[in-house]
Every structure is written in C-alpha cells, then in structure tokens.
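Excluded from the calculations below are hydrogen atoms, water molecules and symmetry mates; all remaining heavy atoms, backbone and side chain alike, are included.
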Amino acid sequence: MDREKVIKAVEQLLDALGEDREREGLKDTPRRVADAYAELLAGEGQTAEEHLSRTFTSDCGDTVIERDIYFSSTCEHHLMPFFGKITIAYVPDGKVVGLSKLARTVDVFAKRLQLQERLTRQIAEEIMRVLKPKGVFVVCEAEHTCMTCRGVKKAGSTTLTSCALGNFDAQKRAEVLNLLK
C-alpha cells in the first residue's frame, strides 16, 4: 500500500465533501485513515500456507471443528466493514493443524478487500490445498454495514455462506450444522 497516495486521496475526499481539513478534528484524519487501511488490509500479500504448514501427525479420522472464529473484513463494493464468525470443520487425513492456525488463516483472507462468498471459498480451498484433509466445510455468518448503516438500513440482518470441499457430503454437512446449534 502506498501510504502517501492514501493520505492524498483522503485529503481530496475531504475537500470534495466541503470539509475544512485544517479544523482540529480533521488535521490528522488523512494519516489516521492511511494507518487504518494498512491494518484493515494487512492480509494482502500474505499466504495462509505459512500457518497451515505447521502440522502434527494424527490418526484421528473424526471431524475437527473450530467454531465462532471472529473476523472483520472490508467489502470491496463499498469499502465498508463486514464482520462476523466463521466455523471451520475438516476431516484430517493423517495430520492436524494447531487451532490458532485456523484463526490465522481466516485473518489472512479477511484482511483484504473482500466479498463474503470469496472469503468463505478461499479459506476452504487453502485448507484443502495445504492440509489435504479428506474434506473441509466452512460456514461464514456476517453482518454487512453496507446493509445495516446505509441503503436498505436493515440492522441486525446477516448473510450466511458455506463451502464444502472433498468428502463433505450433505449428511456430513448436516451433522456439523447440527453440532453448531
């Protein structure tokens, strides 16, 4: 990210909005916005492989579920936040990963300009690619501020997306969803 370009763009935005950039509350706003975007989009250029490649041998063939992994992301359509919880379920095939590594994988993909549907699929595909489990199932439930703060203004509405790959048939997905209730 080019911090100086972001600062200049925010200055231009404030000017276009008719704001006085010299007033006390706005003097450091361009820099603060650049800092915020650097943090919000820190996943760009990162890979989840560095986290998922640290595995442990396991003969466990049962489903592993890490639920309620909180995330926040930035919608690429409106540059507004969306946030919620992700659940990752996978059936190991000889190796498991530390649970914190699943949360770190979520952050790698959430900390970018994103779409919820893509976020859900990217997490599932990367777990499949790196861990090579028998199957993976990712469920994402999020609140989008572009729906709750503007536009139709439907506070409290959430969007649910899921992605199942490998050996995660309808019966296995139903089992996981039932455990999440």
Side-chain angles (χ1 to χ4, degrees), residues 1 36-77 80-148 154-181:
M1 182 180 96
Y37 274 111
E39 182 180 336
L40 293 170
L41 305 177
E44 201 59 55
Q46 289 186 4
T47 68
E49 188 167 5
E50 65 186 87
H51 306 297
L52 293 174
S53 61
R54 298 180 189 141
T55 61
F56 306 96
T57 302
S58 173
D59 59 0
C60 169
D62 297 327
T63 305
V64 176
I65 302 172
E66 179 74 12
R67 67 183 287 174
D68 296 338
I69 302 169
Y70 180 82
F71 78 94
S72 62
S73 192
T74 306
C75 170
E76 68 181 33
H77 292 156
M80 292 184 72
F82 69 97
F83 53 89
K85 294 179 182 178
I86 291 179
T87 295
I88 299 171
Y90 72 100
V91 179
D93 191 13
K95 59 185 176 180
V96 294
V97 68
L99 298 177
S100 69
K101 306 310 182 202
L102 295 174
R104 292 181 193 283
T105 296
V106 168
D107 283 344
V108 164
F109 293 109
K111 298 298 181 192
R112 321 176 162 187
L113 292 178
Q114 195 55 278
L115 297 174
Q116 181 176 336
E117 299 86 344
R118 183 185 320 123
L119 172 64
T120 306
R121 177 159 288 281
Q122 285 175 328
I123 293 166
E125 287 177 344
E126 193 69 356
I127 290 169
M128 249 344 245
R129 186 182 75 77
V130 178
L131 285 184
K132 298 184 182 3
K134 293 176 183 172
V136 64
F137 183 39
V138 176
V139 179
C140 177
E141 183 171 10
E143 183 173 324
H144 293 252
T145 59
C146 60
M147 280 277 296
T148 61
K154 298 299 179 194
S157 64
T158 60
T159 301
L160 189 67
T161 53
S162 68
C163 180
L165 300 174
N167 189 17
F168 246 98
D169 59 19
Q171 181 180 350
K172 195 75 162 160
R173 288 193 301 269
E175 177 187 325
V176 170
L177 292 172
N178 190 44
L179 288 170
L180 297 178
K181 288 182 183 176

### Message
Test: side-chain hydrogen bond (donor to acceptor under 3.5 Å, both in side chains). Region: residues 80-91. Which pairs qualify, not counting sequence neighbours?
### Response
none
### Query
Hey, mind stepping through Leu102 and Ile127 against side chain to side chain contact (heavy atoms under 4.5 Å, CB included) and telling me if it holds?
CA-CA 9 Å; Leu102 295 174; Ile127 290 169; 4.0 Å; yes
Partners passing side chain to side chain contact (heavy atoms under 4.5 Å, CB included) against [X] (at least two apart in sequence or in another chain):
X      : result
Thr47  : Glu49, Glu50
Cys146 : His78, Met80, His144, Arg150
Lys95  : Thr55
Tyr70  : Ser72, Phe83

Can you give the donor-acceptor pairs under 3.5 Å from side chains of residues 169-178 to other protein atoms, not counting sequence neighbours?
unit_1	atom_1	unit_2	atom_2	d
Asp169	OD1	Gln171	N	3.3
Asp169	OD1	Lys172	N	2.8
Lys172	NZ	Thr63	OG1	3.1
Arg173	NH1	Phe168	O	2.7

Side chains of [X] and [Y], heavy atoms from C-beta outward: is any pair under 4.5 Å?
X      : Y      : value
Leu131 : Val136 : no
Ile86  : Leu119 : yes
Phe82  : Met147 : no
Val91  : Asn167 : no
Pro133 : Met128 : yes

### Task
Return each pair, listed once, that meets salt bridge (Lys or Arg N to Asp or Glu O under 4.0 Å) where at least one residue sits in residues 67-77; pairs must be two or more places apart or across chains.
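Counting only pairs at least two positions apart or across chains, the salt bridge (Lys or Arg N to Asp or Glu O under 4.0 Å) contacts touching residues 67-77 are Glu76-Arg118.
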### Message
Strictly by ring-ring contact (aromatic ring centres under 6.0 Å, His included), give each pair with a member in residues 104-135 just once, sequence neighbours left out.
### Response
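Sorted result for residues 104-135: empty, none.
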If you compare all heavy atoms of [X] against all heavy atoms of [Y], which two are closest, and at what distance to 0.1 Å?
X      : Y     : result
Gly98  : Phe56 : N-CE1, 3.8 Å
Pro92  : Val96 : CG-CG1, 3.7 Å
Val108 : Ala48 : CG1-N, 3.8 Å

What distance separates [X] [atom1] from [Y] [atom2], expressed to the nearest 0.5 Å?
X      : Y      : atom1 : atom2 : answer
Ile65  : Leu179 : CD1   : CG    : 4.5 Å
Leu52  : Thr105 : CG    : OG1   : 3.5 Å
Met1   : Glu39  : CE    : CD    : 11.0 Å
Ser73  : Leu113 : OG    : CG    : 8.0 Å
Leu180 : Phe137 : CG    : CZ    : 8.0 Å
Leu41  : Gln114 : CG    : CD    : 10.5 Å

Extract all donor-acceptor atom pairs below 3.5 Å that involve side chains of residues 154-166 and protein atoms in other chains or at least two apart in sequence.
unit_1	atom_1	unit_2	atom_2	d
Ser157	OG	Lys154	O	2.9
Thr158	OG1	Glu141	OE2	3.0
Thr161	OG1	Gln116	NE2	3.2
Thr161	OG1	Thr120	OG1	2.6

In chain order, what residues pass the salt bridge (Lys or Arg N to Asp or Glu O under 4.0 Å) check against [X], with sequence neighbours excluded?
X      : result
Glu44  : none
Arg121 : Glu125
Glu66  : none

### Task
Show your working on side chain to side chain contact (heavy atoms under 4.5 Å, CB included) between Gln46 and Lys111 and close with a plain yes or no.
CA-CA 10 Å; Gln46 289 186 4; Lys111 298 298 181 192; over 6 Å; no
